[in-house]
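Only heavy atoms go into these numbers, but all of them, side chains included; no hydrogens, no water, no symmetry mates. Keep in mind that what you see is a predicted model, and the values were worked out from it rather than measured.
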Amino acid sequence: LGYLRGRELVTESRFLDCGTCVTGLQARCTFDVHNLSDRAITLTGSFTSCGCTNTAELPITIPARTKVPITVLYTPVGDWPEFTHKLVLY
């Protein structure tokens, strides 16, 4: 569907569930970024809505028509039952 919409980079979901996290302990979640274009694309960094969330592999070059895993690192600082943070790759 992303290809039909003219998107070069897509993920399988807009949301990532890191499961049960423990305050102060780093959780890791992985998702794939698919490059649908005919050229390599380099992701140079990320922006997150909270300093407790980061990525591990950047910068990374995604060859044309392939996918690469990106690992999200999250270290919870409070005892919240649920949370949502934004992660933007650029």
Problem - Flag side-chain contact, heavy atom, 4.5 Å: N35 against K67 - result: no
Practice task
Verify the cluster assignment for L16 and V10: are they in a single hydrophobic cluster under the rule of side-chain heavy atoms below 4.5 Å apart?
Solution key: no
Handout entry: Minimum-distance pair of heavy atoms, taken over all atoms of P69 and D32
Key = CA-OD1, 3.5 Å
Exercise for the section: Could you pull out the closest heavy-atom pair between A56 and L73, with the gap in Å? Expected result: CB-CD1, 4.2 Å
Practice task
Tell me, with the steps shown, if I62 and V33 meet side-chain contact (heavy atoms from CB on, under 4.5 Å).
Solution key: CA-CA 8 Å; I62 309 171; V33 176; 3.7 Å; yes
Fill in the blank from the handout: In terms of heavy-atom contacts, A64 and S37 come closest through CB-O, 3.5 Å
Problem - Side chain proximity check, H34 to T11, heavy atoms < 4.5 angstrom - result: no
Fill in the blank from the handout: For L9 and L43, the nearest pair of non-hydrogen atoms, with its separation, is CD1-CD2, 3.8 Å
Exercise for the section: Decide yes or no for S46 and V88: does some side-chain heavy atom of the first lie under 4.5 Å from some side-chain heavy atom of the second? Expected result: no
Problem - Any donor-acceptor N/O pair, T42 side chain to T61 backbone, under 3.5 Å - result: no
Practice task
Please tell me if the side chains of Y74 and H85 come closer than 4.5 Å, counting only heavy atoms from C-beta onward.
Solution key: yes
Exercise for the section: Please tell me if the side chains of L58 and L89 come closer than 4.5 Å, counting only heavy atoms from C-beta onward. Expected result: yes
Practice task
Please round to the nearest 0.5 Å and tell me the distance separating atom CD of Q26 and atom OG1 of T75.
Solution key: 4.5 Å
Problem - Shared hydrophobic cluster, F47 / I41 (ILVMFWY, side-chain heavy atoms < 4.5 Å) - result: no
Problem - Nearest-0.5 Å distance that lies between atom CG in L87 and atom CZ in R14 - result: 13.0 Å
Exercise for the section: Walk me through it: do V72 and T48 pass the test side-chain contact (heavy atoms from CB on, under 4.5 Å)? Expected result: CA-CA 10 Å; V72 176; T48 62; over 6 Å; no
